[in-house]
Amino acid sequence: MTTAAIHEGSMPVTITVNGRTEKAEVPGLTPLGDFLREKLGLTGTKLGCRAGDCGSCTVLVDSVPVASCLMPVAQVGERAVATVEGLGGEGDLHPLQEAFRNNNASQCGFCIPGILMAATAFLDRAEPPSRAEVVDGLSGNLCRCTGYESIVSAIVEAHTLNREA
Amino acid sequence: MSGPAWVGQGIPQVDMLDKLRGSTKYIADISVSGMLHAVIVRSPVAHGRLHAVDVDRAKKVPGVRAVLTSADTPHRFFGPHANDWEILASEKVRSFGDEIAAIAATTLDAAREAAALVTATVEELPAVFDAREALRDGAPTVWEDRPGNVANSFQISRGNVEEAFAKADLVVTDRYSTNQIYHAYLEPIGVMAEYHPSGSYTLTVPSHIPYKARLTYAGALGVRPDQIRIVVPPIGGSFGAKYEMIEPLIAAVLARDTGRPVRLVYDREEDALIARSRPPFWFHHRIGVTAEGMFIARETEVVGTAGSRVFWSPAVLATAIHRVDSLYNFHNMAGTGALAYTNEAPTTCMRGFGNAESLFGIEQMIDEIGEKLGIDPVELRQRNAVREGETTLHGWHISSSKLPECLERVKEVSDLDNQRRETRKQRGLTGVRRGIGVAIAHHVSGYRPILADYDGSSAIVHATSGGRVTLFVGEPDIGQGQATVLSQLACDELGCSPDDVNLQGVDSALSPDAVGTLASRATTMAGNAVVAAARSARQKLDALLADHWRTTPDRLHREGEVVHFGEQSLTFRESMALYAASNCGLPLLGEGVHRPATQMPDKDKYGNPSAAYPFAAHVAEVEVDCDSGQIRVTRYWAVHDSGTILNPSTARGQVVGAIAQGVGWALMEDVKVDLGRVRNPNFLDYRIPGSGDMPETYVEFVDAYEPNGPHGAKSLAEAAINPVTAAIANAFHDATGIRCHDLPLAPERIWELLTGARAQSPAHDAEEALI
Ligand code: FES
Ligand code: FES
């Protein structure tokens, strides 16, 4: 394919990211992850494999964790995208961030944005998740540094912090 | 005086908030104006003569700014160990994926399109893909000037092994092999290069040995080291892979040619296809023992793969041959080894650095010796372990060791004896079998021969009028929490809080020259240097405060972040404002130099290369599903002597993370190379442990103090991976009675071993007959 051909496919895209409406002109097949990083400068979302295998690119699309390396931006449509940059406010931390900090649940940190977004799914539940449930829920996210223990503890703790808040 | 306020606290990592907000800028997140994107064109064959590279069509792609071949590079051979690197291949390609051409374009798409249009005329040559074959007569030659394909060799001996073997009551001999492992850091390799008209370069490189790498880069580019500024961004995992790399050089040449900044970032597949992995080793070990279970002789022969050029494999080989002599007293030893050039991607170091590889076999053989002599495996290890205060066969001085306590504790917390009684009763080759295994390990805290010029470390502490403290060291943080413990050490000296501290990322324009973060050296070396630097800063501050209060420094009294003199007091911030105001704005500067108590090994490799040695004793419990060959690690116990633990929370994280990597190595990870080409260059086919693969883990640090470490601390992160594969293999043996000599203990291999054992076992036949 020539560059011209790639660009011929460009289309205007309007999506909502972290509550803001964003517009750009891109080939419709551009993965959401690239769109966030390249077009919007939201580099918090990481690309560890671009193949759906590692989870480091996880974002929320209408509150559902999605591998942003696989989803074409044109497919997002009206749905709301949330990335790590939208987690927590200016000065205050999201309960997940607070719990990750308390548990030192990161080393190199590369997997963490994706894991945080995947973990939001646990917070909406009424009952605190068990460790085994969290372990299961994280099956799509790889971390090469931590061995997951601190991450699992943090997610369990975040549920409590979230209830208290 | 009260104890330290910060050392020993499990405080959160100092860079945690950036990481949790997604604001840490890794290399792929950094773009600068005018930046071009680079793509590499690679060899499609494993071995061939390169006749021509046609770049004409590639140059015409819109957006392309440069298409370079070897002729456009400062053409010379260079490399960290042998002159067998070149920036782009010239006459020959020697492994699949060798760099043939490089493209820089305004967009990544344009660069990729151009790359697809480069054509190389390559005459394919016979290739060799196995180190053992490469060393045989008649094997294809990888480098014409190195007939026989010997990339490196290592010999060492102490005492008289043959005499000792003749005296031994028992001699065990065995072969073991360790496999090729991908570091599988989540952040693929990436670099950025800028060229300045003055003839100098700025290379942004996630290397954890930036100054050593710079020497190699300067040689390659034909400039002085000081003409290269190296900036180290946050690193998204390395584990030994991101040392000295070829990528910064390719980007540098593109930047020079185009006059524009050039960024080169791999995707996962490219990263894994050309990965410089853990070198595979084939071991032959022989151990001689007396009837009382005292080791008296060891002999080891190793063959390993260097690949098409030499990265760091020679140091790994040397370690695999002789480091174990500082864990056990064998009294007489002989070791030889060779690394072969093959037509495969070059190998390099990975966490554990040869020591983990050697222990996979040795620790299994020690269990076997125990079984043959009827001596409990823990007791046998206790009898032969090197003790605190000893100087070992190679001159290594063990200034502290609580290994005996680690062994006792791990035995106790895992209830080893009772559990083993149970597992032994259940041992078998069918159904689900449980087993439990022990293994021990040690490591270094720095290794002097790496860059003899800068052994030790130095640090600068810089504090502003507002009380902001910045630490400058030459050892990059690689995510292990080193910045955090260095901050804790500095705060206790200076009387400030980690919230006040920034750690300047390593930048050769600002940071002290240093060996870097490798060989488990950063906490011990940089830690001592930071303590010294912070102390010198505090002494200056105290002199000023004493002057201010018309007293002497010894009458000042610090409590947390407040300095008192009688009724008067100042916070750290207030005292810094006073310091700057009294010195026309000068920041408070402290310098620290740490020269460790090491002794450079002599030409016979006799000396003390490390200032401190950490120890560990691990126990693994496994469940073997004999029908599928699947092994699960169900529980795990790790007891460590790392001296004083500066931050228990990050320390625990290091141990658990190392166990995860060890579990992956032991049970599932394997770079599958077929005719020189990696067949599993992605996370689907190269599986690393996921959350569900991790055992429940117990971690304990015994009370210990290392006289050469900062506040008594020594290293941790490599000692923690070293025993893991052996502990798991010993547990597998406990469950089934089978020795697994090769890594990984993956289902296919285990299934085959079990099937073979069943076929040979009359007991099993009887068991089957009953069913
Ligand atoms: S980058 Fe999307 S799953 Fe790995
Ligand atoms: S913290 Fe490094 S990959 Fe998870």
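The sequence lines fix the lettering, A, B, ..., with proteins before strands; numbering per chain opens at 1. Note: hydrogens, waters and symmetry copies are ignored here, and every other heavy atom, side chains too, is used.
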statement: When the 4.5 angstrom heavy-atom criterion is applied to B:Ser23 and chain A, the contacting part is neither
- prompt: Side chain, backbone, both or neither: which part of B:Pro234 has an atom under 4.5 Å from a heavy atom of chain A?
  reply: neither
- prompt: So which of A:Ala51, A:Cys111, A:Gly109 has the largest heavy-atom pair count under 4.5 angstrom toward chain B?
  reply: A:Gly109
Pairwise distance CG(B:Asn680) to CG(B:Leu273) - rounded to 0.5 angstrom: 9.5 Å
query: Given a strict heavy-atom distance threshold of 4.5 Å, which part of B:Ile235 is in contact with chain A: side chain, backbone, both, or neither?
result: backbone
query: Do you know which of B:Pro12, B:Ser691, B:Gly22 has the most heavy-atom pairs under 4.5 Å to chain A?
result: B:Ser691
query: Looking only at heavy atoms, which of residues 52-63 of chain A get nearer than 4.5 Å to chain B?
result: A:Asp53, A:Cys54, A:Ser56
task: Pick one of side chain, backbone, both or neither for B:Ala116, based on which atoms fall under 4.5 Å of a heavy atom in chain A.
output: neither
- prompt: Are B:Asp693 and A:Tyr148 linked by a side-chain donor-acceptor pair shorter than 3.5 Å?
  reply: no
- request: Test side-chain contact (heavy atoms from CB on, under 4.5 Å) on A:Lys39 and A:Glu22 and set out the steps.
  value: CA-CA 9 Å; A:Lys39 291 287 163 190; A:Glu22 310 276 6; over 6 Å; no
- prompt: Are the side chain of A:Asn18 and the backbone N or O of A:Thr83 linked by a donor-acceptor pair below 3.5 Å?
  reply: yes
field: Spacing of A:Glu25 atom CD and A:Thr30 atom OG1 [to the nearest 0.5 Å]
entry: 10.5 Å
task: Before accepting this row, confirm whether a basic side-chain N of the pair B:Asp29/A:Arg37 lies closer than 4.0 Å to the acidic partner's carboxylate O.
output: yes
query: Who wins among A:Cys143, A:Ser106, A:Gly41 for the most heavy-atom pairs under 4.5 Å with chain B?
result: A:Ser106
statement: Highest number of heavy-atom pairs under 4.5 Å with chain B among A:Leu93, A:Asn102, A:Thr45 belongs to A:Leu93
field: Contacting region of B:Arg112 [heavy-atom separation from chain A under 4.5 Å]
entry: neither
- prompt: Using a cut-off of under 4.5 Å for heavy-atom pairs, which of A:Thr146, A:Leu87, A:Ile112 has the most such pairs with chain B?
  reply: A:Thr146
- request: Find out whether the Lys NZ or Arg CZ of B:Lys242 is both under 6.0 angstrom from the six-membered ring centre of B:Tyr185 and within 45° of the ring's axis.
  value: yes
field: Region of B:Ile11 that comes under 4.5 Å of a non-hydrogen atom in chain A
entry: backbone
query: So, does B:Asp477 use its side chain to make a donor-acceptor pair with the main chain of B:Ala483 at under 3.5 Å?
result: yes
field: Interface residue of largest heavy-atom contact number with chain A, from B:Gln13, B:Met694, B:Arg21, B:Arg268, under 4.5 Å
entry: B:Arg21
message: Checking the side chain of A:Asn162 only, and the main-chain atoms of A:Ala158 only, is there a donor and an acceptor separated by less than 3.5 Å?
response: no
Min side-chain heavy-atom separation B:Val14-B:Leu503 under 4.5 Å: no
- prompt: B:Trp665 ring centre to B:Arg351 NZ or CZ under 6.0 Å, with the angle to the axis within 45°?
  reply: no
query: Looking at A:Ala105, A:Gly147, A:Cys108, A:Gly44, which has the largest count of heavy-atom pairs under 4.5 Å with chain B?
result: A:Cys108
Residue A:Arg163 excluded, over 12 heavy atoms near CZ under 6.0 Å: yes
message: Less than 4.5 Å apart, side chain to side chain, heavy atoms only: is that true for B:Glu475 and B:Thr517?
response: yes
field: Backbone of B:Ile478 reached by a side-chain donor or acceptor of B:Gln480 within 3.5 Å
entry: yes
field: B:Ser520 side chain to B:Ala717 backbone, donor-acceptor under 3.5 Å
entry: no
- prompt: Is the backbone of B:Ala720 close enough, under 3.5 Å, to the side chain of B:Gln654 for a donor and an acceptor to pair up by distance?
  reply: no
task: Give, as side chain, backbone, both or neither, the part of A:Phe110 having an atom under 4.5 angstrom from any heavy atom of chain B.
output: both
- line: Checked B:Gly10, B:Ala660, B:Ser238, B:Gly653 vs chain A; the most non-hydrogen pairs under 4.5 Å come from B:Gly653
field: Within 6.0 angstrom of A:Leu29 CG, more than 12 heavy atoms from elsewhere
entry: no
message: I'd like to know whether CD of B:Glu696 has more than 12 heavy-atom contacts from other residues, nucleotides or ligands below 6.0 angstrom.
response: no
query: Is it the backbone or the side chain of A:Leu47 that comes under 4.5 Å from a heavy atom of chain B, or both, or neither?
result: backbone
message: Are there residues of residues 120-140 of chain A whose heavy atoms fall under 4.5 Å of chain B's heavy atoms? If so, which?
response: A:Val135, A:Leu138, A:Ser139
query: Most heavy-atom pairs under 4.5 angstrom with chain B, which of A:Ser150, A:Gly86, A:Gly88, A:Cys145?
result: A:Cys145
field: Side chain / backbone / both / neither for A:Leu142 at chain B, heavy atoms under 4.5 Å
entry: both
